[in-house]
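Since the structure comes first, as structure tokens, the remarks are kept for the end.
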Amino acid sequence: MPFGISKAGAKSLIKNLKIGVAVMLACSSVAACTTPDPTIYSGLASASQLQPNTEDKTGRVPYRYRTKVNWSQYNRIIVDPVTLYSGPDSQFGKLAEKDRIFLADYMQAQFTEKLKTRFAIVSTPAPATLRLHLTLTGAKATTAVLGTVTRIDVAGGLYNTVQAARGREGSMTGSVNYAVEVYDAASNRLLSSYVTKQYPNAMNIGASFTAMDASMVGVRKGADALLAELK
């Protein structure tokens, strides 16, 4: 074989190229390779206050509401149990109930862990205290095998490289959709809310090995983003 490629190696390369071309053709329709964007979920307490987020260029936070808040005046936070959204406009697709529960529990743990680096975690409303309510509204598992292959084959790698540079979602990968609502705990006044979709960098191969890896990365990225906003 030319270039020192064995016959078996050539067959493997051709197979991967065929998969890559198929992925590229499928991805010509964005919906075929990506997951649904968040909507103004009708069952959210803050649904009527959410507005299109013109400041967001990535599509990660398409709708939000916020007031002018000096976050430094708050040093405690109540983290409500994560709600699993069950409205007709949820975006879980075929994700199993056990996986939804797993992600909700994981979100509870990760957000609490991140926020305790900035706030004292408490359970009673009081002055200088925030209350965080998270609602898991949708998620998708990474497509087995293809999620990894499309990051290392030629055509799929090209597509995902472009997506990574744009900060956009990769092909055949998982993601997580959820809503964030932040209240002044003492007055129960809504201070900030948004819906968001979080996912790994499009070339993050490590987040494509198991079905839930990408969604878990999305949860961690979302926790980091909220912490940065509240500082």
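By the criterion of side-chain heavy atoms lying less than 4.5 angstrom apart, applied directly or through intervening Ile, Leu, Val, Met, Phe, Trp or Tyr residues, Leu50 is not grouped with Leu226; the two fall into different hydrophobic clusters. Using a 4.5 Å cut-off between side-chain heavy atoms of Ile, Leu, Val, Met, Phe, Trp and Tyr, with links allowed through other members, Met107 and Tyr194 fall into the same hydrophobic cluster. Residues Val61 and Leu134 fall within the same hydrophobic cluster, defined by Ile, Leu, Val, Met, Phe, Trp and Tyr side chains chained together at heavy-atom separations under 4.5 Å. Linking ILVMFWY residues whenever their side-chain heavy atoms come closer than 4.5 Å, directly or via other members, places Val219 and Leu227 in the same cluster. Note on Leu136: it does not cluster hydrophobically with Leu44, by side-chain heavy-atom contacts below 4.5 Å among ILVMFWY residues.
Two residues are said to be in side-chain contact when any heavy atoms from C-beta on lie closer than 4.5 Å; Ser192 and Val180 fail this criterion. Counting only heavy atoms from C-beta outward, the side chains of Leu84 and Phe92 approach each other to under 4.5 Å. Residues Tyr199 and Lys140 form no side-chain contact, since every pair of their non-hydrogen atoms from C-beta on lies 4.5 Å or further apart. Side-chain contact between Phe111 and Val82 is absent, with no heavy-atom pair separated by less than 4.5 Å. You'll find the side chain of Leu190 reaches within 4.5 Å of the side chain of Tyr183, heavy atoms only. By the 4.5 Å heavy-atom criterion applied to side chains, Val182 and Val69 are not counted as neighbours. Between Ile77 and Val122, the closest side-chain pair of non-hydrogen atoms is not below 4.5 Å. In this structure, the side chains of Leu230 and Leu115 come closer than 4.5 Å at one or more pairs of heavy atoms.
Remark: Arg100 is not positioned above the aromatic ring of Tyr85, lacking an NZ or CZ atom under 6.0 angstrom from the ring centre and at most 45 degrees off the axis.
Taking CD1 of Ile78 as the reference point, atom CG of Leu132 lies at 10.5 Å (rounded to 0.5 Å). The OG atom of Ser123 lies 11.5 Å from the CZ atom of Arg76; values are rounded to the nearest 0.5 Å. We find the NZ-OG1 distance between Lys221 and Thr196 to be 10.0 Å, quoted to the nearest 0.5 Å. Between atom OG1 of residue Thr135 and atom CG of residue Asn177 there is a gap of 12.5 Å, rounded to the nearest 0.5 Å. The OH atom of Tyr41 sits 3.5 Å away from the OG1 atom of Thr137 when rounded to the nearest 0.5 Å.
Here the closest heavy-atom approach between residue Pro38 and residue Lys197 is recorded as CG-N, 3.5 Å. Considering all non-hydrogen atoms of both residues, Val195 and Ala179 come closest at CG1-CB, 4.0 Å. Across all their heavy atoms, Thr124 and Thr129 have their closest contact at O-CG2, 4.4 Å. In plain terms, the two heavy atoms of Glu181 and Ser193 that are nearest each other are CG-CB, 3.9 Å. Across all non-hydrogen atoms, the minimal contact from Ala223 to Tyr178 is N-OH, 4.5 Å. The shortest non-hydrogen separation linking Leu103 to Ala139 is CD1-CB, 3.6 Å.
Put simply, the side chain of Gln91 gets close to the backbone of Asp37: a donor and an acceptor are under 3.5 Å apart. At distances below 3.5 Å, not a single donor-acceptor pair connects side-chain atoms of Ser175 with backbone N or O atoms of Gln198. A donor-acceptor distance shorter than 3.5 angstrom exists from the side chain of Thr117 to the backbone of Lys114, with no hydrogens or angles considered. Listed for the Asp89 side chain is a donor-acceptor partner under 3.5 Å among the backbone atoms of Ser42. Formation of a donor-acceptor pair under 3.5 Å by the Thr67 side chain with backbone atoms of Leu191 is found in this model.
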Derivation of the side-chain contact (heavy atoms from CB on, under 4.5 Å) call for Val79 and Lys116: CA-CA 10 Å; Val79 182; Lys116 75 179 184 181; over 6 Å; no
Ile121 vs Glu113, side-chain contact (heavy atoms from CB on, under 4.5 Å): CA-CA, chis, key distance, verdict: CA-CA 9 Å; Ile121 306 297; Glu113 188 68 22; over 6 Å; no
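Pairs of residues two or more places apart, or lying in two chains, that qualify as side chain to side chain donor-acceptor pair (under 3.5 Å) and include a residue from residues 102-111 are Tyr106-Arg220.
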